Number of protein chains: 2
Amino acid sequence: MSTQPQLCHTSCDDCPIRHRAVCAHCDADELEKLEEIKYYRSFEAGQTVIWSGDQMSFVGSVVSGIATLTQTMEDGRTQMVGLLLPSDFVGRPGRDGAPYDVVATTDLVMCCFRKKPFEELMARTPHIAHRLLEMTLDELDAAREWMLVLGRKTAREKIASLLSIIARRDASLSMRGVSGPMVFDLPLTREAMADYLGLTLETVSRQISALKKDGVIHLEGKRHVTIPDMGRLMEEAGDDTDGGFLV
Amino acid sequence: MSTQPQLCHTSCDDCPIRHRAVCAHCDADELEKLEEIKYYRSFEAGQTVIWSGDQMSFVGSVVSGIATLTQTMEDGRTQMVGLLLPSDFVGRPGRDGAPYDVVATTDLVMCCFRKKPFEELMARTPHIAHRLLEMTLDELDAAREWMLVLGRKTAREKIASLLSIIARRDASLSMRGVSGPMVFDLPLTREAMADYLGLTLETVSRQISALKKDGVIHLEGKRHVTIPDMGRLMEEAGDDTDGGFLV
DNA sequence: CGTCCCTTTGAGGTGTTTCAACTAGAGTGG
DNA sequence: CCACTCTAGTTGAAACACCTCAAAGGGACG
């Protein structure tokens, strides 16, 4: 439920991402030390959190909202290289410059730590380092899945892949299963989807229309999606229907 | 069985990847423990090291040679998602199934650890965990760079990008600088390059011919490449010529 | 009611793929 | 030493998926 989770968080105990973020494995002691150096920051939709190339003075976790990691070429072509959801970690301990733009695509709340103190704490707290390793390995896996999408899938498959990723993630956040029809709101504009998938926004629009016409998805308005048959969508995505489904 | 030149390594002290692999930060004590559980394996060019979906009983480092990580769709489309060079780490502690095919593209020697003992050792050895985190973060950065290539670059830019990556890596391995002409042998077939870049092998061939005709590269035979002007190649790759160059 | 932004749809152009034929070099055996 | 074969790579012509440019629709907001 998204009301005003904002700056009122002070205790980690009832933090919504307590069990999934970098701090997931921490015990009460460690949490206390983290609590001492943490602070919250809010960003409005559209605001840039970090500029590529800038000094990065903090690291932190997404508490609520969605942010994107993007790379931009000199001529303006842009590619999204990361989609940050609640509990995801931003920033790289041990590095100063930011390699990517981080932009809030919805209103965003982050739990931040100044980089230096966090690095020192991490060096003394294996639980944090271990959890960060786990999360980084997961991200690497996701990036590699994404590379298959970018390199080898057709526009229609790309859209279907993105929809199935969002649908599954949405289900896992809200603890619903993947049986029965799935309903969610797209958190991205057509342009952001295009940047995610290496397409133009027109192609995205066309393929969404096509999937709708073929009954693979239903649309209410521009953003509200219903997926009557998840298996069908996975087929359209070109995914092994059995393999990744039941995970 | 082919020749086994490498199996003579027994001491980590004179290991060629000692200072770059997972064991880089280890002290003498820790190295000793690693030494107890390590063993070498050789693979011939073309051999599959690990099949996607199989149980993974070991993790390890590439000592010499080159391996690739690939994903394959049901209809046979394949995308390379990792290029493993000496010192790179294979396998994921804490997971049993292999998510990708690992294939030796040249003769390959790996320094392996049975997974269980390695995981236990890692839990007690922050130096290893820390180094693995560093390496994973580096790989994630590389994957994201690669995503920009796959999603937004033209075929010509893709080829130029791949060549510049190989050239720079070659220079860093052999401790040469990036000034003056660079000379190296392509470690990949046209097909492997295509799988790397999300192209067909015909397109790869055509673009290489085009770059050769335009004087961006020189070719001797199919594999021996000379790059007269690295800056020119970087321009062709669509990269910020100043930024990544001097690194 | 007009403005602005996001989105949809159309028509034409283009870069990459597909299918196919051909070349180069390396290894094998008569 | 010369076919013969095999694999890797090159090149051409036609097909097509996606992009580009352009115009118009739809909802939110002042």
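Chain letters run A, B, ... following the sequence lines, proteins first and then strands; every chain starts at 1. For clarity, every value in this text was computed on a predicted model and none was experimentally measured.
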Atom pairs under 3.5 Å: protein N/O with N/O of nucleotides 28-30 of chain D:
none

Quiz prompt | Under 3.5 Å: donor-acceptor pair, side chain of B:Thr106, backbone of B:Gly65 | solution = no
Practice problem: Have a look at B:Ile227 and tell me which of B:Ile166, B:Ile217, B:Leu211 forms a side-chain contact (heavy atoms from CB on, under 4.5 Å) with it. | Solution: B:Ile217
Exercise. Using atom CG of B:Leu219 as one end and atom P of C:dG25 as the other, report the distance to the nearest whole Å.
Key: 13 Å
Quiz item: B:Thr189 near the nucleic acid: base, sugar-phosphate alone, or nothing, with a heavy-atom cut-off under 4.0 Å?
Solution: sugar-phosphate
Self-check item: Whole-Å gap separating C1' (C:dG15) and CG (B:Leu197)
Solution: 16 Å
Quiz item: Tell me: NZ of B:Lys213 to P of D:dT10, nearest whole Å?
Solution: 15 Å
Self-check item: Earlier contact from the 5' end, DNA chain D, for A:Lys222 and B:Leu201
Solution: B:Leu201
Exercise. Take the protein atom CD of A:Glu220 and the nucleotide atom C1' of D:dG26, then report the distance between them rounded to whole Å.
Key: 16 Å
Quiz item: Is there a donor-acceptor contact under 3.5 Å from the side chain of A:Asp101 to the main chain of A:Val103?
Solution: no
Quiz item: Out of C:dT18, C:dT16, C:dT8, which nucleotide sits closest to the side chain of B:Thr200?
Solution: C:dT18
Quiz item: Under 3.5 Å, is there a donor-acceptor pair between the side chain of B:Ser161 and the main chain of B:Glu157?
Solution: yes
Practice problem: Answer yes or no: are there more than 12 heavy-atom neighbours, outside A:Gln47 itself, under 6.0 Å from its atom CD? | Solution: yes
Quiz item: Of the residues in residues 65-73 of chain A, which ones touch DNA chain D at a heavy-atom distance under 4.0 Å?
Solution: none
Would you list the protein and nucleotides 12-17 of chain D atom pairs, both N or O, that sit under 3.5 Å from each other?
from	atom 1	to	atom 2	distance (Å)
D:dG12	N7	B:Arg206	NH1	2.8
D:dG12	O6	B:Arg206	NH2	3.2

Exercise. State which of C:dT17, D:dT10, C:dT8 makes the closest approach to the side chain of B:Ser205.
Key: D:dT10
Self-check item: Side-chain donor or acceptor of A:Asp107 paired with backbone N/O of A:Ala45 under 3.5 Å
Solution: yes
Quiz item: Atom CG of B:Leu199 and atom P of C:dT18: how far apart are they, to the nearest Å?
Solution: 11 Å
Exercise. Take atom CG of B:Asp195 and atom P of C:dT16, then tell me their distance rounded to the nearest Å.
Key: 17 Å
Quiz item: Checking A:Gln79 side chain against A:Tyr196 main chain: does a donor-acceptor pair fall under 3.5 Å?
Solution: yes
Quiz prompt | Salt bridge present between B:Glu236 and B:Arg232 (N-O < 4.0 angstrom) | solution = yes
Practice problem: May I have the distance from A:Lys153 (atom NZ) to D:dC18 (atom P), rounded to whole angstrom? | Solution: 14 Å
Exercise. Could you tell me whether a side-chain N or O of A:Arg20 sits under 3.5 Å from a main-chain N or O of A:Ser87, the two making a donor and an acceptor?
Key: no
Quiz item: Within the distance-only criterion (no hydrogens, no angle test), does the side chain of B:Arg156 pair as donor or acceptor with the backbone N or O of B:Gln207 below 3.5 angstrom?
Solution: no
Self-check item: Donor-acceptor under 3.5 Å (B:Arg144 side chain, B:Leu140 main chain)
Solution: no
Quiz item: Looking only at atom types and distance, does a side-chain atom of A:Arg152 sit under 3.5 Å from a main-chain N or O of B:Leu199, one as donor and one as acceptor?
Solution: yes
Quiz item: In terms of the nearest nucleotide of DNA chain C, which residue is placed more toward the 5' end: A:Ile208 or A:Arg152?
Solution: A:Ile208
Exercise. Identify which nucleotide among C:dT7, D:dC19, C:dT16 has an atom closest to any side-chain atom of A:Arg223, counting heavy atoms from C-beta outward.
Key: C:dT7
Quiz item: Across the strands shown, which category fits B:Gly198 at heavy-atom distances under 4.0 angstrom: base, sugar-phosphate, nothing?
Solution: sugar-phosphate
Practice problem: Nearest whole angstrom, please: distance from the P of D:dC18 to the CZ of A:Arg77. | Solution: 18 Å
